[in-house]
**Q** 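Can you keep this structure in mind? I'll have questions shortly.
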Amino acid sequence: MQVKPLFAAMLALSCSFGAMAKVTPEQAKALGDTLTPVGAEKAGNADGSIPAWTGGITEAPAGYKPGDFHADPYAGDQALYTITAQNMGQYGELLTPGVKKMFEMYPDTFKMTVYPTHRSASYPQFIYDASIANASTAELVAGGNGLKNAAIGVPFPMPQNGLEAIWNHILRYRGADAQILRGQAAPTAGGSYTLVKTDEKIKFLYSRPDANAEQLQKDNLLFYFKQVVTSPARLAGTALLVHETMDQEKEPRKAWTYNTGQRRVRRAPNVAFDTPGTASDGMRTTDDFDMYNGSPSRYNWELKGKKEILIPYNNYKLHGADVKYKDILKPGHINMDLVRWEKHRVWEVEATLKDGISHLYKTRTFYLDEDSWQVSLVDLYDKRDQLYRVGMAHAVNYYDLPTLWTTLEVFYDLSSRRYLAMGLDNEDGVASFEEEFSVQKEFTTNALRRSGRR
C-alpha cells in the first residue's frame, strides 16, 4: 500500500525505531501532544471530513443509567451520501476489497449509508496514563507470542510492526468485569435461522486499574472467560472456560469444555486458531472471535501503514432496544438500513501464514481504528489467495465505562453466501460492567461444571 502524505510522517515515526526497539521517553512525548494518549493523530484530515480528536464521548447523556441501552448521541445527523453497486466506483479509495466484494455479490441489496464522522472513542484517564507509560517500557517476547513490561493501557501506542498493532487490539480496554448475554445466528441463504444464546462472563486482569506489569508477568494471565450456551435446548448447558496467558510461548492458552451429554469437564487444547467457534455452524474460526484473539504465532505480521476508509462506526441504531432480531437478520447480509458508516483513519495490518503452518486463512488483512485499536474490518483469504470471508465490527461507545467496543460482529462467508452475526442483544439486555466476579465462583473447572448443569 502506498501511504498518503497525510500519514507519511506517522509511518516513518513508527518504522524508524527498528523492528523491536523500544520507543524512547523523548519520542513518547508526542503522546498527548500531537498524538492522542493511545497513539492516534489528534489532527483532522486535510479536507476536514475527519475532524480533530477532542476527547471523544466523555460523559453519558442525561437520564442514562447502567443497564440501559445506549442512546444515540448522533441521532440528529443527516446522511452525507449512500453508496450502492451502481455508484461504488466513485468511492473506490474508501472501500476495502471485502466491502467491494459485498457489492459484487449483493448488488441489489447491499449499500452503505455514510454519515458525518465523529471521533467518539474515549477511555478513562487511567488508561491514557498507562498507555503513555507503556510506550517506552513494553516489549514483545517469544518472537511476538507474548509481551512484558506493560499493564492496564494500550501496550504499544506507537507501534513499530504489525505484531505490536495486533496486541493493541487484543489488549484494548473493555472494562474490568463484563457480562454479555450474547445471541448469534447463521442465516441460510434464504434467511431462516436458529438463534443461539450464550451467557458470557469475562474478568480482565491486564486492564484493571491496579494491575501491575510484574505481577501479570509472574502470573502469566491476561483474562478469564466463561461462555455458557443457554438456548436452544439441544445445546443448552454446553460451556467453555478459558484462562488466557500473557506469554503464550511459555504457556499456551488453557481451556476446558463441559459437555452436557457426558456431564464432565475436559481439557480443550484445540480451542484456538482455526478450530470452529462455539455453535457457529462452521462460519467462523476460534480466533475470529472478537475479530481476532489468541496467539499470533502462526502468522507473519506486517504493518502496512495508515489510510482513510469507511468503517462501521457509532452504530447506536443497530444497538437499540427497539430493534428486533428479525429486523437485523436478512438473507445474504444484515439489514443495511440499520448500519452507520463513517470515514476514519485506520492502521492496515496484514497477517500472512508462516511456511509449513496450517490455518484455514492464508492471509488476513485487518483494519484497526486509530482511536480505539478496535479491528473494524477484516478480509480473510483462503489458500488459493481468494477472498473467502469478510468480517465487520459494528462499534459504539459504551459511555458508562467509557470504551469503544462492538455491539455486533458479522462474518460473511462468500462461498456459501451465508453469514454469522454475533452479539445480538437487542431483545435480551445490554452488556453489564457493574458486577465484580469471583475467580473461584466463576472461572474454575468446578464453576464450569456448575454452570453447565443449570
**Q** Hey, are Asn397 and Ser122 close enough side-chain-wise for a donor-acceptor pair under 3.5 Å?
**A**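 Note: Ser122 and Asn397 side chains meet the donor-acceptor criterion.
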**Q** Would you say Asp129 and Gln125 are linked by a side-chain donor-acceptor pair, where the criterion is simply a distance under 3.5 Å?
**A**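 Yes, side-chain donor-acceptor contact under 3.5 Å.
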**Q** Compute whether any side-chain donor of one residue and acceptor of the other, for Ser416 and Asp413, lie under 3.5 angstrom apart.
**A**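 There is such a pair (donor and acceptor under 3.5 Å, judged by atom type) between the side chains of Ser416 and Asp413.
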**Q** Is there a donor in the side chain of Asp247 and an acceptor in the side chain of Gln217, or the other way round, less than 3.5 Å apart?
**A**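 No, Gln217 and Asp247 have no side-chain donor paired with an acceptor closer than 3.5 Å.
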**Q** Whether the Gln374 and Arg172 side chains hold a donor-acceptor pair (N or O, under 3.5 Å, no angle test) is what I'd like checked.
**A**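 Yes, side-chain donor-acceptor contact under 3.5 Å.
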**Q** May I ask you to decide if the ring planes of Trp301 and Phe366 are parallel, tilted or perpendicular, using 30° and 60° as cut-offs?
**A**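 Parallel.
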**Q** Check for me whether the distance between the ring centres of Tyr316 and His70 falls short of 6.0 Å.
**A**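 Between Tyr316 and His70, the centre distance exceeds or equals 6.0 Å.
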**Q** Using 30° and 60° as the class boundaries, would you call the ring planes of Tyr74 and His118 parallel, tilted or perpendicular?
**A**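 Geometry flag for His118 against Tyr74: parallel rings.
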**Q** Determine whether Val99 and Trp341 make a side-chain contact, defined as any pair of heavy atoms from C-beta on separated by less than 4.5 Å.
**A**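 They are in contact (side-chain heavy atoms under 4.5 Å apart), so the answer is yes.
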**Q** Going by atom types only, do Tyr325 and Asp428 share a side-chain donor-acceptor pair under 3.5 Å?
**A**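 Looking only at side-chain atoms, Asp428 and Tyr325 do form a donor-acceptor pair, the distance falling under 3.5 Å.
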**Q** Angle between ring planes, Phe443 versus Tyr224, binned at 30° and 60°: parallel, tilted or perpendicular?
**A**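 Phe443 and Tyr224: parallel rings.
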**Q** If you measure only the distance, is there a donor-acceptor pair under 3.5 Å linking the side chains of Asn145 and Ser295?
**A**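 Per modelled atom types, Asn145 and Ser295 side chains form a pair under 3.5 Å.
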**Q** Do Asn314 and Glu342 meet the criterion of a side-chain donor-acceptor pair at a distance under 3.5 Å?
**A**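 On atom types as modelled, these side chains qualify, holding a pair under 3.5 Å.
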**Q** With ring centroids as reference points, do Tyr173 and Trp373 lie under 6.0 angstrom apart?
**A**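 Tyr173 vs Trp373: aromatic centres not under 6.0 Å.
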**Q** Among side-chain atoms of Thr245 and Lys254, is any donor-acceptor pair under 3.5 angstrom?
**A**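 No.
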**Q** In terms of ring plane angle, is the pair His359 and Tyr361 parallel, tilted or perpendicular, where the classes change at 30° and 60°?
**A**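 His359 vs Tyr361 ring planes: tilted.
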